[in-house]
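As the structure is a prediction and not an experimental result, all values here were calculated from the model. Here is the naming used below: chain letters follow the sequence lines, and residue numbers restart at 1 for every chain.
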Amino acid sequence: MITVHAKFHSHFKELASADEDSFLIEIPTVSEFAKCICDKYGARMRAMLIDPKTDELNERGTMFVNEKGMRVSAEDILEDGETITFLVGIAGG
Amino acid sequence: MESRLLRVDLTTGELKSEVIPHSIFERWIGGSGINNWIMWEHFLTHDINCDPRGPDNIFVFGVGPLAGTGAGSGIKGRITFKSPCYNMFGDSAGGGKFPYMLRFTAFEYIAITGKSPKPVYLRICNNEVSLEDASHLWGKDTLQTHTMLREELGTYPSKVHTLSISQAGENQVGIASVVSDALRIHARCGGGAVMGSKNLKAIAVQGNGGLPIAMPDEMLAWSDDFRQKIDSNEAVYGFKRRGTLGAVEMYQHIGSHFWRNNQGNMFRGGEITSDNWVNKYHKYSEVCSSDCFIACDAKYKIDGTESEAAKKYIGESFRRPEYLTTGSAAGALDVRDWAEVAHWGKITNDYGIDNQDLSCAISFLMELKQRKLISDQDVAELFGHEQSLEWGNMDDIEACLHSIVFQKDLFGKLFGDGPYLGAIRYSELKGQNFMKYATYGKGGASFTEEMRPFPTWMNNMAVASRGADHLKGIGLIEKFQRKDLSKIYFDGRTEAADLTVPTLKGASTALIENQVALLNSYGVCLFHWMLDPSGYTPQDYYGKAYAAATGIDRTPDELMLDGARICNLEKAFNSRIGMRREHDTVCERWMWEPTEEGMYPGSVAADMFNPVLDEYYEWRGWDKESGLQTRKSLEACGLDDVAEVLAQEGSLAK
Ligand code: SF4
């Protein structure tokens with residue numbers, strides 16, 4: 001089991017009603033981490049995080065980055081104590 | 001598909017209606033594509049090197065064939081002209097209900113030339129057109145102008161919708177904008193100065209005609225499908241709640257703001273670093289343009305309890321600030337109070353000024369003051385009185401705005417064309433080189449985001465046809481590190497999404513420029529596409545809606561070629577006025593000064609600039625040495641006639 005921290009911003013923050021959270025996960029992958037978040041926060045979080053067509057991470061209008069600012073993919077391996085930040089992917093105006 | 005163009009010669013007062021035949025849509029799609037062609041043809045018989053503020057310049061308004069069809073994809077009108085502030089190709093998109101209403105009159109395109117002997121406004125009511133005296137409107141801002149025209153012209157056959165300029169446009173300030181319904185701004189490139197130079201205060205439209213749709217059943221089916229797709233995307237709901245303000249926290253996290261003239265890339269202050277403000281002020285969401293399934297616009301009203309600064313603005317109500325309004329105030333100028341940021345959005349809109357150019361000009365000067373490169377006496381010389389020019393000081397910022405709008409002192413006169421020309425003029429005046437503190441690309445003002453870690457963005461800043469620009473090439477594959485998009489566009493390759501290599505960055509610019517040219521020619525908002533670029537592809541998904549609206553059925557490859565044709569015409573315009581590879585560059589700060597904070601410290605444009613630019617030219621088929629188009633590249637997209645013009649003028653690659 002490892003502990004992975006989540007930081008929520010913008011719409012994610014609203015869906016979670018929290019700025020951050022921590023999860024104990026058995027399989028150290030991003031997809032497992034996303035599944036834990038969806039289980040805790042419900043259908044709308046799932047709709048934001050998971051693409052219903054592919055069952056993969058939803059890339060549309062979202063941005064999930066590790067501590068180096070690199071986007072993570074479902075199959076990426078996480079380390080104990082790592083933080084993933086959940087952001088919306090929008091620009092301009 | 002046919003449409004009507006209203007030609008207005010303000011010198012003679014002649015008003016002429018012309019048919020835009022189907023063949024023009026076949027070649028130029030509509031919207032910005034047709035605008036570009038109207039301007040190109042104009043400058044085959046008029047001097048392309050004319051003074052943009054002179055009667056020989058042309059001002060074109062156009063709206064694309066998907067606008068107002070019920071497609072739900074938003075509506076953007078487009079103005080096109082030779083830019084008075086950058087002295088090159090100029091255009092700008094804007095929402096509001098003006099473009100939608102124009103489609104319900106007899107016209108969809110307006111081309112205005114000459115200069116009226118006195119202030120006038122153009123009135124279009126269904127198929128009746130007239131030039132009306134505007135002396136009572138002269139000296140009014142855009143909100144006052146819009147309100148007065150609404151009162152004057154009544155509500156039959158419809159409400160009045162307007163396109164107007166403020167005192168800034170009247171004074172021919174280079175960065176003056178044109179405002180739609182006093183709410184939505186065509187900000188970039190100085191269209192307001194072109195209208196002002198022609199003594200054209202406003203265009204007022206009323207219409208209750210219908211829209212011809214070639215295949216109404218297909219259009220309805222497309223629209224239904226689009227609505228379902230939009231509604232099932234939770235991220236769209238998030239965008240509805242926050243609009244582009246959702247970018248505040250993302251940029252704060254990765255370091256992509258433009259702080260204090262881009263000396264840094266994170267906002268400072270408490271509440272300004274988050275978008276919690278949305279929940280505090282958000283009153284309701286609305287659509288900006290009558291035909292949008294998203295509705296990301298919203299209103300705020302300040303009641304004075306929000307903060308100490310808010311007490312100054314009790315009762316003020318306007319649109320919730322967009323990200324770039326916030327980026328220019330909280331970033332470029334280091335304003336730390338949301339009420340002040342919102343106020344900045346309102347005043348720059350009412351005065352019809354591009355807040356990107358304006359904030360870069362003011363922050364340039366503030367940085368000179370911060371570094372003690374100029375003294376209190378120098379500042380007093382610029383404004384006729386002392387000013388602290390402290391970062392974030394709203395009184396000083398408003399004084400700078402007034403100086404530019406009313407052209408009343410030296411600062412306004414020097415910086416009315418934005419930071420690039422302003423910095424050159426001020427350097428000459430003081431006998432010192434201040435250019436390393438000016439932020440710009442290709443002579444155009446920066447948009448207020450940190451771009452040094454993002455090689456595609458840097459390439460966009462250097463090559464965009466209208467100067468540094470975020471809305472032509474849009475580096476979204478790279479900024480959001482979308483490997484999925486990179487794979488789709490580039491045969492399974494992922495490098496376009498990788499910030500650390502130059503590969504596929506120039507290619508991304510070229511490809512997305514072509515796609516965006518299509519969207520701008522359809523007359524739709526870009527946000528729908530940006531929220532799902534692989535789902536709503538301009539050449540495929542939107543292409544079906546275009547076919548339903550116009551009856552012009554193209555393959556995705558043909559549409560991509562149409563997009564390339566539109567981009568090539570903009571490039572050819574700039575080649576004719578002498579722009580070459582050396583103009584496709586960015587400012588010293590971006591090129592050489594490393595970022596010091598954020599997720600990607602130590603980034604400079606120079607690391608990847610030239611290989612990316614070379615790749616961009618390669619993908620375009622242009623000559624890498626001169627930056628000019630080749631005959632082959634132009635013929636490949638059906639521009640043999642354009643190649644001929646360029647060859648005659650020595651602007652075609654050898
Ligand atoms: S998404 Fe927003 S900006 Fe675009 S048309 Fe809709 S309301 Fe207007």
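We find the CD-CZ distance between Glu14(A) and Arg241(B) to be 4.0 Å, quoted to the nearest 0.5 Å. Atom CG of residue Leu499(B) and atom CE of residue Met70(A) lie 5.0 Å apart, to the nearest 0.5 angstrom. Interatomic distance, Glu234(B) CD to Leu49(A) CG, rounded to the nearest 0.5 Å: 10.0 Å. If you take CD on Glu249(B) and CG on Leu87(A), they are separated by 8.5 Å, rounding to the nearest 0.5 Å. Between the OG atom in Ser10(A) and the CZ atom in Arg242(B) there is a gap of 5.5 Å [rounded to 0.5 Å]. Note that CG of Asn276(B) is 7.0 Å distant from CG of Asp19(A), once rounded to the nearest 0.5 Å.
Within the 4.5 angstrom heavy-atom criterion, only side-chain atoms of Leu15(A), from C-beta onward, approach chain B. Proximity to chain A (any heavy atom under 4.5 Å) is shown, for Gln252(B), by neither the backbone nor the side chain. Contact of Glu322(B) with chain A is made through the side chain alone, with heavy-atom distances under 4.5 Å. Looking at Phe447(B), there are no atoms closer than 4.5 Å to chain A (heavy atoms on both sides), in backbone or side chain.
Residues meeting the side chain to side chain contact (heavy atoms under 4.5 Å, CB included) test with Thr3(A), sequence neighbours left out: His5(A), Ser22(A), Leu24(A), Asp80(A).
Counting only distance, with no hydrogens or angles, the side chain of Arg71(A) and the backbone of Arg482(B) share no donor-acceptor pair below 3.5 Å.
By number of non-hydrogen pairs under 4.5 angstrom with chain B, the leading residue of Met45(A), His9(A), Arg44(A) is Arg44(A). Across Ser534(B), Gly238(B), Gly255(B), the residue that shares the most heavy-atom pairs under 4.5 angstrom with chain A is Gly238(B).
Of all heavy-atom pairs spanning Phe480(B) and Ile90(A), the tightest one is CZ-N, 3.5 Å.
Taking a 6.0 Å sphere around CD of Glu597(B), one finds it holds more than 12 heavy atoms contributed by other residues, nucleotides or ligands.
Residues of residues 53-69 of chain A that come within less than 4.5 angstrom of chain B, heavy atom to heavy atom, are Asn58(A), Glu59(A), Arg60(A), Gly61(A), Met63(A), Val65(A), Asn66(A), Glu67(A), Lys68(A), Gly69(A) in numerical order.
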